Structures are given as structure tokens and as C-alpha cells.
Amino acid sequence: MSVFSTQRLEGKVVLITGASSGIGAVPAILFAKAGSNLILLARRQDALTSVASAAQAAHKAAGLTVGGKVATVVLDVSDREAVAGLLGKIPEELRKVDILVNNAGFVLGVDKIGDIKDDDMEAMFETNVYGLIRMTQLFVKDFKARNTGHIINIGSVAGREAYAGGGIYCATKAAVRSFSQSLLREVVDTKIRVTEIQPGLVETGFSVVRFRGDKSAADKVYEGLEPLTGKDVAEEIVWVAARPSHINIAELFVMPVNQASPTIVHRPGK
Ligand SMILES: NC(=O)c1ccc[n+]([C@@H]2O[C@H](COP(=O)([O-])OP(=O)(O)OC[C@H]3O[C@@H](n4cnc5c(N)ncnc54)[C@H](OP(=O)(O)O)[C@@H]3O)[C@@H](O)[C@H]2O)c1
């Protein structure tokens with residue numbers, strides 16, 4: 001008997017935001033392998049298409065007769081009207097979402113308070129906070145009506161403890177943490193589950209975005225230690241989703257060995 005069964009995910013509809021790369025791309029494949037159906041959402045169609053193909057191939061290889069339907073939706077979660085019209089873009093057979101993974105997010109720059117650009121501040125809040133809230137609002141009413149559903153928010157170690165040079169990003173992730181806690185309290189009299197996953201250092205495109213394409217600056221973030229991978233966090237996402245329906249993993253704080261906080265990082269290889 002397997003300790004970690006994914007059987008409960010068979011036939012479920014999973015919507016993942018930021019599914020075109022990094023942390024969000026891998027659970028698409030793992031959920032498909034487990035027999036779930038998927039709605040993959042991000043801004044880049046080409047990247048979404050290749051994740052969708054990989055997910056379909058994984059489902060086929062698993063030889064399951066349930067699940068395996070995959071839809072892609074090109075959408076910017078910071079676009080209020082686009083989110084409001086999202087249901088119209090999802091094929092009818094996938095509109096009853098069971099699991100919402102609010103993963104889309106990013107950080108821009110390391111500017112100190114006083115030098116933070118308005119555009120960066122707005123972009124981070126619009127995606128990391130308002131986008132996540134709008135997506136949640138869109139689906140939670142249906143979850144309440146059906147008395148089911150699971151919202152998995154990707155927070156960060158940066159939402160637990162702030163660091164210099166992360167004034168806006170840390171504030172957005174602290175907001176994700178607080179919002180997740182309010183939601184959990186509001187749905188306590190239902191079967192809806194709310195999880196916040198708080199990863200530490202994960203090597204994805206995240207730091208390349210932070211340093212605006214400067215790959216060598218991004219590489220330094222992970223230098224000398226073995227960071228988490230997108231797959232590591234994806235496995236946590238699938239694990240919390242596959243728990244029996246009476247179990248809610250409310251928070252999952254996961255860091256690589258050699259990281260103890262956003263700033264306490266030991267780099268044995270450096
Ligand atoms: N990497 C880390 O160290 C780390 C640690 C803790 C938490 N996190 C969190 O993990 C999440 C995923 O980040 P990642 O590390 O996987 O970074 P990533 O590789 O840069 O992926 C970010 C994903 O979000 C999508 N995205 C960004 N803005 C979007 C928007 N406005 N609308 C729709 N999709 C959007 C991107 O796709 P498109 O460009 O195609 O839209 C991409 O698929 C983020 O919330 C991040 O804050 C990351």
C-alpha cells in the first residue's frame with residue numbers, strides 16, 4: 001500500500017495560475033498523472049501550450065481512464081476585467097473547479113524604501129495580492145454553494161519574515177498569508193479547505209524576473225547551496241490536495257536545508 005495515494009485527485013478539476021513555468025508548471029504534470037483535469041492559466045500561450053502537452057503525455061502514460069482534459073487560458077490575473085470574464089473562457093465541462101492553485105506572482109528589483117518605483121509597487125500588488133484575491137472571489141462562491149473545494153495559495157518565507165530590499169514583495173506575501181488566514185476562518189463551517197504554502201529559496205525563473213533578465217545576478221541567489229526546485233514545491237501542492245477530505249493542511253513552510261529564514265542562509269559550497 002502506498003502511503004501517499006493520489007487516487008482522491010482522479011476526475012478533479014484543478015485550476016493553476018502561473019502554470020506556464022517554474023513552480024506552477026510541474027503540478028500540472030503531476031495532477032494530470034494522478035487523473036485530474038486541468039485549467040492552466042498564465043500570460044504566455046506558447047509556454048502554456050508546452051506545459052499542456054507534457055501534462056497530456058503524463059496522463060496518457062499513466063494509462064488512466066479518468067481525467068486528462070487540459071484547457072489553457074491566456075490571462076493576466078492583474079487584469080480585473082479579464083478575471084471577471086474568466087469563466088467564459090473555460091470549456092463548460094471544466095467550469096466546476098475543485099482545486100484552485102493561486103500561484104502566479106513575482107518580485108521586481110531590490111530597491112530600498114524611498115527608491116521603490118511606483119510601477120513596480122503596483123505591478124507586484126496587482127498580481128500577487130489583488131490577482132490572487134480576485135481569483136479566490138471568483139471561485140469561492142461556487143465552492144460555498146457546493147460545500148466543497150480547495151484553495152491553495154502560494155505564499156513565501158518572505159510573508160513570514162521581511163528582509164531589506166524586499167519592502168513590497170514581502171508586504172504582498174504577508175498579505176497573502178493574512179488573506180489565507182481570514183478565508184480559513186470564514187469557511188470554518190464548510191468543507192472548503194484553505195492552504196498556504198510558504199516556500200523558501202526555489203530555483204525557477206523568479207530571480208531572473210527580479211533582476212530583469214540578468215541571469216548571473218539571479219544565479220548568485222542560489223550559489224553554494226542546493227535550493228528547492230519547482231518539482232519539490234509541486235509535490236507539496238499535490239500532497240496537500242490529495243489529503244483525505246477531512247484534513248486541511250492550513251500552512252506548509254518548506255525551505256531547503258541550509259536556509260533558516262529569508263536572510264539566514266548557509267552556503268557550504270561557497
Ligand atoms: N522561486 C522562489 O524562490 C519562490 C519562493 C517563494 C515563493 N515563490 C512564489 O511562487 C510563485 C511562482 O513563482 P516561480 O518561482 O515559479 O516563478 P516563475 O518561474 O517566474 O513563474 C511565475 C509564473 O507566474 C506567471 N505570472 C506572473 N505574473 C502573472 C500574471 N499577472 N498573470 C498570470 N500569470 C502570471 C508566469 O507566467 P507568464 O509570464 O506566462 O504570465 C509564471 O508562470 C510566485 O507566487 C512566487 O512569489 C517563489
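Numbers here simply count residues along the sequence, with the first being 1. We count ligands from 1, going down the list as the structure has it; atoms in each ligand are counted the same way. The structure presented is a predicted model; accordingly, all values stated were derived computationally and were not measured.
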- [ ] Output the list of atoms in ligand 1 that are nearer than 4.0 Å to some heavy atom of F106, sorted by atom number.
- [x] 27 (C), 28 (N)
- [ ] Under 4.0 Å from a heavy atom of I23: give me the atoms of ligand 1 that qualify, with their elements.
- [x] 10 (O), 15 (O), 16 (O), 48 (C)
Task: Distance-only N or O hit between ligand 1 and S21, under 3.5 Å - done: yes
TODO: Answer yes or no: does an N/O atom from L201 fall short of 3.5 Å to an N/O atom of ligand 1?
DONE: no
Open item on the list: I'd like the name of whichever of G105, S207, A25 reaches closest to atom 22 (C) of ligand 1 through any heavy atom.
Closed with: G105
Open item on the list: Quick check: do L225 and V265 have side-chain heavy atoms less than 4.5 Å from each other?
Closed with: yes
Task: contact_flag L75 ligand 1 heavy-atom lt 4.0 Å - done: yes
Open item on the list: Among all the protein's non-hydrogen atoms, which is closest to atom 5 (C) of ligand 1, and how far away is it?
Closed with: G200 O, 3.1 Å
Task: 4.5 Å side-chain heavy-atom contact, I16 and L38 - done: yes
Task: Contact atoms of ligand 1, heavy-atom distance to S20 under 4.0 Å - done: 36 (C), 37 (O), 38 (P), 40 (O), 42 (C), 43 (O)
Open item on the list: Pairs of nitrogen or oxygen atoms closer than 3.5 Å, one from P199 and one from ligand 1: do any exist?
Closed with: no
- [ ] Taking the side chain as every heavy atom from C-beta outward, state whether L228 and Q259 have any pair of such atoms under 4.5 Å apart.
- [x] no
Open item on the list: For the 3.5 Å polar cut-off, considering only N or O atoms, please tell me whether L41 and ligand 1 meet it.
Closed with: no
Open item on the list: Please compare N128, V107, V73, D76 and report which has the shortest non-hydrogen distance to atom 30 (C) of ligand 1.
Closed with: D76
Task: Option nearest atom 45 (O) of ligand 1 (shortest heavy-atom distance, choices N103, I154, V208, D79) - done: N103
Open item on the list: For G155, state whether at least one heavy atom is located under 4.0 Å from any atom of ligand 1.
Closed with: yes
Task: Reported CZ-to-CZ distance for the pair F253 and R177, which is rounded to 0.5 angstrom - done: 8.5 Å
Open item on the list: Under a 3.5 Å distance rule, please check whether R193 uses its side chain to pair with a backbone N or O of T148 as donor and acceptor.
Closed with: no
Task: N or O pair under 3.5 Å between G205 and ligand 1 - done: yes
Task: Non-hydrogen atom of Q198 closer than 4.0 Å to ligand 1 - done: no
Open item on the list: Looking only at the aromatic ring of each residue, does the gap between the centers of F179 and Y130 stay below 6.0 angstrom?
Closed with: no
Task: Cluster check V202, V221: I/L/V/M/F/W/Y, side chain < 4.5 angstrom - done: no
Task: A47 heavy atom under 4.0 Å from ligand 1 - done: no
Open item on the list: Please report whether ligand 1 has a polar contact with R44, defined as an N or O pair separated by less than 3.5 Å (distance criterion only).
Closed with: yes
Open item on the list: Please determine whether a side-chain nitrogen of the Lys or Arg among E126 and R80 lies less than 4.0 Å from a carboxylate oxygen of the Asp or Glu.
Closed with: no
Task: Check against side chain to side chain contact (heavy atoms under 4.5 Å, CB included), L184 and N248 - done: CA-CA 10 Å; L184 179 62; N248 182 45; 3.4 Å; yes
Open item on the list: Less than 6.0 angstrom from the centroid, inside 45 degrees of the normal: does R210 satisfy that with respect to the ring of F106?
Closed with: no
Open item on the list: Do the side chains of R160 and E251 get close enough for a salt bridge, i.e. N-O under 4.0 angstrom?
Closed with: yes
Task: Subset of ligand 1 atoms that lie under 4.0 Å from at least one heavy atom of G22 - done: 16 (O), 19 (O)
Task: Per-atom contacts, ligand 1 versus G18 - under 4.0 Å to a heavy atom - done: 23 (C), 24 (O), 25 (C), 43 (O)
